[in-house]
Each structure stands twice: as C-alpha cells, then as structure tokens.
Amino acid sequence: MTRTSLCPPPCPDAAPASGYISSLSVPETGRPRRLAVLGATGSIGVSALRVAAEHPDRYVVAALAGATNVTLLAEQAAAFRPAALAVLDEARAAALAALLPAGYAPDIRIGPAGYAALAGAAEVDVVVSAIVGAAGLVPTLAAVAAGKVVALANKESLVLAGDLIRETARRTGAVILPVDSEHNALFQALGGPGLPDLPLVERLVLTASGGPFRTKPSDEIAGATPAMALAHPTWAMGPKISVDSATLMNKGLEVIEACRLSGLPVSMVEVVVHPQSIVHSLAQLHDGSLLAHLGPPDMRVAIAYCLGYPARLPLSVPRVDLVKLSRLTFEAPRERDFPCLGLARRALRAGASHPVVLNAANEAAVALFLEGRLPFMGIAATIEAALCAHAGEALPDAAAILDLDARVRRAAEARA
Ligand code: NDP
Ligand code: MG
C-alpha cells in the first residue's frame, strides 16, 4: 500500500448541514423509564443492564435482544423479566425458549425485523442501541423513526446513515444521546444541551488510548496476531471494536461520529493519544478554555448519563485515584503506522457514500483478520483498495446503504 497516493483525493471539508444535539428534551413521565437493550449480550449491553440493576426504581427492562448467545440472554431475561426478547434466527429462538424459567413466556422476535419491532415498540421509552456493526443500522433507524430516546453506542449507524438518522430524528422528535465515551464526554463537558453553543467551539479533541500497539515498532505491528490485537490496555470491549482500537479505525469512525453529532467539519475534530484513558475528550472554546470530562475507563459512566439524562444518578464504578495515577500524558497519533485514521478522514471528506465503503470494508477485513485470513496491516490495505474502487453513489435510503455495504463486503472477501 502506498501512503503517498491518497485515493480518493483530498477535497475541501464537507460539513454536515447541522448536528443532532441541538434541542434536547427527554420527556419526564414520572414512572420508571422502560428500556429496550439491543445487543444485550455484548459488552455495552451487559454494562447497561448493570446500570439498570443499580436503579430498579428508575428503570424497567421492557425488551432485550441478543443474536447468538442464548444462554446469557436467557439468564438476563430470567433476571429482568422483559415482555419481549429477540434473537438472530428461529433455531436460537427455540433454544432460548427452552432455557426460560417455567411460567415466564415473553414474546420472542427474530432477526432484523424482530430487533426493529422491539426498538419501535410502544412499551419502550429508551432504546440502548448496542448491536455491533452495520447490523445495528435498521434497529437504530426503527428507534429513531418511532421517536424514542436512543442511547446510541452503535457508532456504525451514524457512519453509514448520518443524514438519514438526523432527518428522521428531526421529523419524529427522537433524541439521540451518545454512549460512545468520547462523544458522551463532549456532551457532558459542554453541558448537554449546551452544544448549541458550538459557535464558541474552536475544535473538538477526541482522546484515544492508542490501543495495544501504541509503542510497538512498525515491524512488530505488521506481524500482530488476533490475540495481540484483542488485548486492549485500558478498556474491556467486544472483539470488533477492540481490533478497531488496535488499528485506530475506532478513532476514525469516531471522528466521523463527532462530525455527524456536532455538525462541525472534520478539520475541527482532532485526535490525541492519551494512554491512561481518564480524559475522555475535550472541547476547546474560542477563549482558549479546554472543557474536558474525566472519569474511570468504565462505560457504565457514559451509559448511566444517557439513561438518566438530564438526571445524574449515583453509580458504583471505581473512583479515579489521581495521586496513584500521578500523570496524565498526551501524544500525537502515529498516523503512518496506523493509516486507518487518515482513511476515515478522507472518506468523510470524499462524500456521503465513502464512509459506507470505509465501514463495510473495515468490518469485512476485521472479520478476515480475526479468522487468520488477513494480516494486521491488510485491514488498512483492504479499506484503501475499497475506497479507491469507489466512485461515489447516491444513497437515498437504508436499502441503498445496505446494498452498497453488501457489495463492498463481497469485494473485500474476494480480495483476501
Ligand atoms: P460486543 O461484540 O461485545 O457485542 C455485540 C452485541 O451485538 C452482542 O449482543 C451480539 O449478540 C450482538 N450482535 C452481533 N451481531 C449481531 C447481528 N447480526 N444482529 C443483531 N445483534 C448482533 O460489542 P460491544 O458491546 O463492544 O459493542 C457494541 C457497539 O457499541 C459497537 O457498535 C461498538 O462500536 C459500540 N461501542 C462499544 C464500546 C465498548 O466499550 N464495548 C464503547 C463505545 C462504543 P450475541 O453476542 O448474542 O451474538
Ligand atoms: Mg469511544
């Protein structure tokens, strides 16, 4: 892969029309909030349920969705007794039903239509969107179309369909609250609904842990195995985002996510490596002030802020011991050794369909890497090849987005 021939060519910043977080109003009903947790069996889903369990007077779990891990989903269902569940297919639905306690017979839905039904159900107030990857798009859109409060962890849906989600939310009044720690940090630092003060913001600074290869020499990074890539130094996360963190694609996706949420151009979103993962991101204002959010590297903090918003509820996460920590350090990302960050910026600048190509090629390449069929640096090479082969196309709706997603995946798999 050559790093000098940038393809697609750089072009001026394309700023989204405006961001999402402009007029936040989460309805207070006076009764417990009814949660649907999509991706309940994953890292974020489990953390969300821990938050809900800590405040049983505030939250009722109305619906839970997993895909393949029916054992864990059955345990969660037995504990929270939601009225509706969803899994990937018929066989898993039957396996799940067999694991449920006697006398408890929830409605069990199947596949993308089932996830979307749970997300849009009248009995749900808040949807935790925590399915991994492009599979999260349809349920996220269903939640937004139904005007829900959406605690959004599935950053891929903003990368794939930022405009569609924004326009749908405008129409339905859906409120999108960012779970991703960096965007949640900015949301907290700028005071939640304070984001309308964006004219005061000179730049957003997203912090990155740097992943497991932050200090490794280039030749060692090139030979990285899946086990090495999955060993994240500070965060415990699912396998796909852990590999994204090792390649810095996670930060690339987050730059796109930040632009989509704030409406700011990519030139105003910087990335700084902060290995301790205590400062979760910063906003620099026009008087030179830096507003930051600090906290332990535990996703329950961000999740709880979204679930309770605008209330801030007590939480039993570990406290940061500043004296023990003693130092917070910051450094520039090594973009030559981690080309995915630059690829994401280029995709965002190139047009609406390029981020779809970026994300699909990345998801396919990460899966191939985890299967041992692609070397670590092959992930960036696969993405670059996909972007170079893409001339841009109109994506009027979710079906068109998913069609492009499928074509890019097929091409990436054929290339391996
Ligand atoms: P995990 O891999 O831990 O969990 C993924 C979840 O999605 C599981 O519940 C899994 O079900 C489900 N799932 C997988 N494939 C499908 C599918 N085709 N259809 C429906 N459900 C599916 O991922 P994470 O929890 O780490 O991440 C979830 C999302 O949150 C990602 O978008 C990630 O980028 C984002 N995020 C995660 C953070 C973290 O700290 N983990 C931080 C910030 C954002 P099952 O296991 O039953 O098969
Ligand atoms: Mg993040």
Side-chain angles (χ1 to χ4, degrees), residues 37-50 64-77 85-89 92-93 95-96 109-116 118-119 128-140 142 150-160 177-187 206-211 230 232 234-245 248-258 261 271 274 277 279-281 293 296-303 306 359 362-363 366-367 370 402 405 409:
V37 183
L38 311 181
T41 48
S43 164
I44 291 288
V46 167
S47 292
L49 290 175
R50 288 178 73 188
L64 288 174
T68 59
N69 190 347
V70 290
T71 309
L72 178 56
L73 189 63
E75 283 169 20
Q76 294 173 332
L85 301 172
V87 284
L88 200 57
D89 52 35
R92 266 120 183 170
L96 176 65
R109 301 297 186 101
I110 291 160
Y115 301 132
L118 263 52
V128 178
S129 171
I131 289 173
V132 63
L137 175 62
V138 167
T140 301
V150 184
L152 185 62
N154 178 256
K155 67 192 85 183
E156 294 91 343
S157 54
L158 281 181
V159 172
L160 293 171
L177 305 175
V179 166
D180 210 352
S181 59
E182 297 74 7
H183 312 77
N184 188 274
L186 292 168
F187 178 44
L206 305 184
T207 50
S209 69
L230 290 173
H232 197 278
T234 48
W235 294 96
M237 308 182 288
K240 188 263 180 182
I241 186 175
S242 295
V243 176
D244 285 352
S245 194
L248 286 199
M249 177 52 88
N250 184 46
K251 216 45 57 180
L253 297 175
E254 289 179 359
V255 167
I256 300 175
E257 184 183 11
L261 285 167
V271 172
H274 166 52
S277 299
V279 179
H280 295 307
S281 279
H293 170 256
D298 188 318
M299 287 306 296
R300 282 177 293 164
V301 176
I303 293 166
C306 292
N359 186 71
N362 181 56
E363 286 192 29
V366 168
L370 288 173
L402 292 175
D405 173 272
R409 281 169 199 266

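Just follow the structure's listing: the first ligand is 1, and inside any ligand the first atom is 1. The basis for the numbers below is simple: all heavy atoms, side chains too, and nothing from hydrogens, waters or symmetry mates.
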Out of [options], who gets a non-hydrogen atom closest to [atom]?
atom	options	result
atom 39 (C) of ligand 1	I44, V46, D244	I44
atom 36 (N) of ligand 1	I241, V70, V179	I241
atom 34 (O) of ligand 1	R92, M237, M299, K155	K155

Looking at [atom], what's its closest protein heavy atom, distance included?
atom	result
atom 29 (C) of ligand 1	I131 O, 3.8 Å
atom 22 (C) of ligand 1	A67 CB, 3.4 Å
atom 47 (O) of ligand 1	T41 OG1, 2.7 Å
atom 20 (C) of ligand 1	Y115 CE1, 3.3 Å
atom 14 (C) of ligand 1	V132 CG1, 3.7 Å
atom 43 (C) of ligand 1	D180 OD1, 3.0 Å

Are the side chains of [X] and [Y] in touch, meaning some heavy atoms are under 4.5 Å apart?
X	Y	result
V271	V255	yes
L177	F187	yes
N154	I44	no
N362	K240	yes
W235	S245	no
K155	N250	yes
T68	R92	yes
L152	T140	yes

_Worked verdict on L261 versus L186 for side-chain contact (heavy atoms from CB on, under 4.5 Å)_ = CA-CA 10 Å; L261 285 167; L186 292 168; over 6 Å; no
Could you say whether the N/O atoms of [X] and ligand 1 ever approach to under 3.5 Å?
X	result
G42	yes
G66	no
T68	yes
E156	yes
G39	yes
G238	yes
S43	yes

Which ligand 1 atoms, with their elements, are less than 4.0 angstrom from a heavy-atom of [X]?
X	value
N154	32 (O)
P239	2 (O)
A135	17 (C), 18 (N), 19 (N)
A153	30 (O), 32 (O), 35 (C), 36 (N), 44 (C)

*In D180, the N, O or S atom nearest to the Mg ion (ligand 2) is which?*
OD1
*Could you tell me whether R409 atom CZ has more than 12 heavy atoms of other residues or ligands within 6.0 Å of it?*
yes
*Does R109 CZ have over 12 foreign heavy atoms under 6.0 Å away?*
no
Distance check, rounded to the nearest 0.5 Å: [X] atom [atom1] versus [Y] atom [atom2]?
X	Y	atom1	atom2	value
L85	L118	CG	CG	7.5 Å
D298	T234	CG	OG1	11.5 Å
M249	N359	CE	CG	8.0 Å

*Can you give me the OE2-the Mg ion (ligand 2)-OE1 angle for E254 and E182, to 10°?*
100°
*Looking only at atom types and distance, does a side-chain atom of S277 sit under 3.5 Å from a main-chain N or O of S209, one as donor and one as acceptor?*
no
Work out whether the distance between some heavy atom of [X] and some atom of ligand 1 is less than 4.0 Å.
X	answer
W235	no
A130	yes
G136	no

